**Student:** 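Provided herewith is a single structure, encoded as C-alpha cells, for subsequent inquiry.
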Amino acid sequence: MTAVHFKFAPAALECRDALSAIVQIGDTLWVANDESIHLERLSVQGSDADGNPLYAAHTRFALHDYLSLPVAADADDNEVDVEGLAYHDGYLWVVGSHSLKRKKPQSDKSTEKGIERLVKIVPDPNRYLIARIPLNVVDGIPTLQTPGAQLPLHTNGNALMEALRDDPHIKHFLKIPGKDNGFDVEGLAVIGTRLFLGLRGPVLRGWAVLLEIECLEDDDDPTVLKLAQIGEEDRPDRKHFLQLDGLGIRDLCVQGEDLLILAGPTMSLDGPVRVYRWQDGAKPDGESLIPRDVLEVVAEIPHGYGDDHAEGLCLFTQGDAETALLVVYDNAAQGRKRGKDGVLGDVFVLNF
C-alpha cells in the first residue's frame, strides 16, 4: 500500500486541490481545504482499481453550524484557513492559521494594479480559530455534534494572540503575512488538554517554533475555552525551538510519547519536505531547545515544482496493516488526480 484514494462529492471538488489537514477517526478520514469554511468526512469504501484504499461517501460539515465565527457564512472571501486537525477523547480539534494574508497580483490586471495589490495586507478574523467539536457515533460513523467550544474570537484575534504581542521572539512577526515568514500556525497535535501548535513561520535563524498551550473549559459557559497559565511568569504558552534544517512546521501528529513533525519551506517556494521524530516530544516538562542531532528523519516526502506541497499528516492504519503515515497535498499535481473527483494521498510505512 503506497497511496490512499480520496473521492469527493461533486459539490466540493475544489477540496482535492487544496488539502491542508487530515486526521483518521476509525474507518473515516477527516480533511480540510484551507480556502473554505467546512470540514470534510470520507468513509472507507473498499479499494480502487489499483488496490488503494478508497475513501468516499463524502459528507460536508459547515463550521458555522457548530462554532461562533465573526465573519458571516455568506460573506465574500469567507474562510477559516483550517491548517490543523486532531482527534482526542471524543473531540475533533480545529485550528486556523492565525496569519495575515497579502493580496496576490491578478494576471488579468495591469502591472500597476498588481503592484498595488502586493501592498495590501488584510486580517481575517475567522483565521484565529482554536476550537473543539464533540463527536458522536451514529450507525458506526463518527459525526459532529453541537455545541462546539472555542477560544472567543474578536477582530484582532484571540487570547493567545493578545499574549504573544509582548513575546520577545514572536511579537515582531505578528504584522508580517504568513507566506512572508510571518506568524503562521500550520500544525496541531493534542495530548489531553495540551495543544501543540506548529508554526510554519517565523523560523528564527534556522530554528522552527512550536507553541504549547492548555485549553480548559470555562466554568460558566461550556462553549467557551480559556487558556491555562502554563508558562513562566504566568504566561499562557510555552515555546519549543527545533532545528529542522531551516524548515518550518507544516503539520504534527502524536505517536505514543513522540511527536512527528512534517516540515517544509516557510516561504512560497518548492523545497525539501521531511518528517522528523522528536522522541518524548509529546511530554515536555518545560521549554525546549532541540538541536538537529536529537531529531530523527523518518521520511523524505516528495515535492513538485509549482505543485504537490505537503500540508497534512496523520497516523494511518487499515485492518491488520502496519501503522503508517498518510500525507496530503496542497495544489495537487495533475498526476495524483483521479477522474473528475478523486485525488491520491501518499502512505509511508514507519520503521519503529
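All values below come from the heavy atoms of this structure, side chains included, with hydrogens, waters and symmetry mates left out. What you see is a predicted model; the values in this text were computed from it and never measured.
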**Student:** Has D308 got a side-chain atom pairing as donor or acceptor with A333's backbone, closer than 3.5 angstrom?
**Tutor:** yes
**Student:** For P291, is there any backbone N or O sitting under 3.5 Å from a side-chain donor or acceptor partner on Q243?
**Tutor:**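 No: the side chain of Q243 does not pair with the backbone of P291.
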**Student:** Between H240 and W278, is there a side-chain heavy-atom distance shorter than 4.5 Å?
**Tutor:**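 Yes, at least one pair of side-chain atoms sits under 4.5 Å.
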**Student:** Please check: side-chain N/O of N181 versus main-chain N/O of V203, any donor-acceptor pairing under 3.5 Å?
**Tutor:**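 Yes; at least one donor-acceptor contact below 3.5 Å.
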**Student:** Membership question, hydrophobic clusters at under 4.5 Å side-chain separation (ILVMFWY): are L85 and L210 in the same one?
**Tutor:**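 Not linked; separate clusters.
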**Student:** Any chance you could lay out the side chain to side chain contact (heavy atoms under 4.5 Å, CB included) test for V273 and R250, step after step, and finish with the verdict?
**Tutor:** CA-CA 9 Å; V273 183; R250 307 304 288 269; 5.8 Å; no
**Student:** Please tell me if the side chains of K226 and D219 come closer than 4.5 Å, counting only heavy atoms from C-beta onward.
**Tutor:** yes
**Student:** Please check if the side chain of S43 supplies one atom and the backbone of T28 the other of a donor-acceptor pair under 3.5 Å.
**Tutor:** no
**Student:** Do the side chains of V80 and L67 get nearer than 4.5 Å, heavy atoms only?
**Tutor:** no
**Student:** Got a second to check how far L195's CG is from W93's CH2, nearest 0.5 Å?
**Tutor:** 5.0 Å
**Student:** Does I133 belong to the same Ile/Leu/Val/Met/Phe/Trp/Tyr cluster as Y91, with side-chain heavy atoms less than 4.5 Å apart forming each link?
**Tutor:**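 Yes; Y91 is reachable from I133 via cluster members.
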**Student:** Report the residue from I249, L252, I301 that forms a side-chain contact (heavy atoms from CB on, under 4.5 Å) with L262.
**Tutor:**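 Answer to the side-chain contact (heavy atoms from CB on, under 4.5 Å) test with L262 among I249, L252, I301: I301.
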**Student:** Does any part of the side chain of H98, heavy atoms only, come nearer than 4.5 Å to the side chain of M161, both counted from C-beta?
**Tutor:**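 Heavy-atom side-chain distance check passes, below 4.5 Å.
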**Student:** Would you name the heavy atoms of L325 and C253 that are closest together and state the gap between them?
**Tutor:**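 Taking every non-hydrogen atom into account, CD2-SG, 4.2 Å.
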**Student:** Quick one: closest heavy-atom pair of E35 and N33, and the distance?
**Tutor:** N-OD1, 2.8 Å
**Student:** Does C314 offer a backbone N or O that forms a donor-acceptor pair with the side chain of Q24 under 3.5 Å?
**Tutor:**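 It does not hold such a pair.
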**Student:** Could you give me the CA-CA distance, side-chain angles and deciding distance for L135 and L144, then say whether side chain to side chain contact (heavy atoms under 4.5 Å, CB included) is met?
**Tutor:** CA-CA 5 Å; L135 284 168; L144 297 184; 3.4 Å; yes
**Student:** Honestly curious: do V185 and V254 fall in one hydrophobic cluster under the side-chain, below-4.5 Å linking rule?
**Tutor:** no
**Student:** Using the side chain to side chain contact (heavy atoms under 4.5 Å, CB included) rule, take L211 and K239 through it: C-alpha gap first, then chi angles, then the decisive distance, then the call.
**Tutor:** CA-CA 5 Å; L211 295 179; K239 290 173 290 189; 3.6 Å; yes
**Student:** Can you tell me if NZ on K171 sees more than 12 non-hydrogen neighbours from other groups inside 6.0 Å?
**Tutor:** yes
**Student:** Between S288 (side chain) and I290 (backbone), is there a donor-acceptor pair under 3.5 Å?
**Tutor:**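 It does not hold such a pair.
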**Student:** With a 3.5 Å distance limit and no angle check, can you tell me whether N158 reaches the backbone of Y128 through a side-chain donor-acceptor pair?
**Tutor:**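 Side chain of N158 to backbone of Y128: a pair is present.
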**Student:** What's the spacing between R200 CZ and S99 OG if we round to 0.5 Å?
**Tutor:** 9.0 Å
**Student:** Look up atom OG1 in T59 and atom NE2 in H38, then write down how far apart they are to the nearest 0.5 Å.
**Tutor:** 12.5 Å
**Student:** Show the nearest heavy-atom pair for residues P265 and L247, with the distance to one decimal.
**Tutor:** N-CD2, 3.9 Å
**Student:** Is V297 close to V275 at the side-chain level, that is, under 4.5 Å between some pair of heavy atoms?
**Tutor:**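 No, every pair of side-chain atoms sits at 4.5 Å or beyond.
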**Student:** For the CG atom of L227 and the CG atom of L151, what is their distance to the nearest 0.5 Å?
**Tutor:** 4.5 Å
**Student:** Kindly state whether the ring of Y305 and the ring of H303 have centres lying under 6.0 angstrom apart.
**Tutor:** yes
**Student:** Looking at W207, F183, F241, which one forms a ring-ring contact (aromatic ring centres under 6.0 Å, His included) with H169?
**Tutor:**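 Among W207, F183, F241, the one that satisfies the ring-ring contact (aromatic ring centres under 6.0 Å, His included) with H169 is F241.
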**Student:** Within a radius of less than 6.0 Å around CG of D27, do more than 12 heavy atoms belonging to other residues, nucleotides or ligands occur?
**Tutor:**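 No, the 6.0 Å shell around CG holds no more than 12 heavy atoms from other groups.
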**Student:** Measure the shortest side-chain to side-chain distance between K283 and I191 over non-hydrogen atoms and say whether it is less than 4.5 angstrom.
**Tutor:**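 Not in contact.
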**Student:** For the residue pair A332 and R16, what are the closest heavy atoms and their distance?
**Tutor:**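 Heavy atoms of A332 and R16 come nearest at CB-O, 3.6 Å.
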**Student:** Mind checking whether F316 and Y55 have parallel, tilted or perpendicular rings, split at 30° and 60°?
**Tutor:**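 Perpendicular, since the angle between the ring planes exceeds 60°.
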**Student:** If you measure from CG on D50 to CG on L344, what distance do you get to the nearest 0.5 Å?
**Tutor:**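 Taking CG in D50 and CG in L344, the distance rounds to 8.0 Å.
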**Student:** Flag the pair Q145 / L92 as yes when at least one side-chain heavy-atom distance between them is below 4.5 Å, and no otherwise.
**Tutor:** no
**Student:** Say whether, by atom type as modelled, one donor and one acceptor occur between the side chain of R41 and the main chain of I141 under 3.5 angstrom.
**Tutor:**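 No, R41 side chain to I141 backbone: no donor-acceptor pair under 3.5 Å.
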**Student:** Determine whether D48 and R338 satisfy the following criterion, salt bridge (charged side-chain N to carboxylate O under 4.0 Å, His left out), listing intermediate values before the conclusion.
**Tutor:** CA-CA 10 Å; D48 66 9; R338 294 295 182 269; 5.8 Å; no
**Student:** Before accepting this row, confirm whether a basic side-chain N of the pair R235/D166 lies closer than 4.0 Å to the acidic partner's carboxylate O.
**Tutor:** yes
**Student:** How far does CG of L216 sit from CD1 of I230, to the nearest 0.5 angstrom?
**Tutor:** 9.5 Å
**Student:** Can we call the ring centroids of W30 and Y87 under 6.0 Å apart?
**Tutor:**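 No, the ring of W30 stays outside the 6.0 Å limit from the ring of Y87, centre to centre.
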**Student:** Can you find a pair of side-chain heavy atoms, one from D341 and one from H58, that are under 4.5 Å apart?
**Tutor:** no
**Student:** Side chain to side chain contact (heavy atoms under 4.5 Å, CB included) between F8 and L42: does it pass, once the steps are laid out?
**Tutor:** CA-CA 8 Å; F8 292 95; L42 301 104; 3.9 Å; yes
**Student:** Search all heavy atoms of G306 against all heavy atoms of D270 and return the closest pair with its distance.
**Tutor:**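 Heavy-atom minimum between the residues: N-OD2, 2.8 Å.
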**Student:** Which pair of non-hydrogen atoms, one from F61 and one from Y66, has the smallest distance, and what is that distance?
**Tutor:**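 Closest approach of F61 to Y66: CD2-OH, 3.3 Å.
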**Student:** Quick one: does R336's side chain have a donor or acceptor within less than 3.5 Å of a partner on V343's backbone?
**Tutor:** no
**Student:** Look at the side chain of S20 and the backbone N and O of A32, then say whether any donor-acceptor pair between them is shorter than 3.5 Å.
**Tutor:** yes
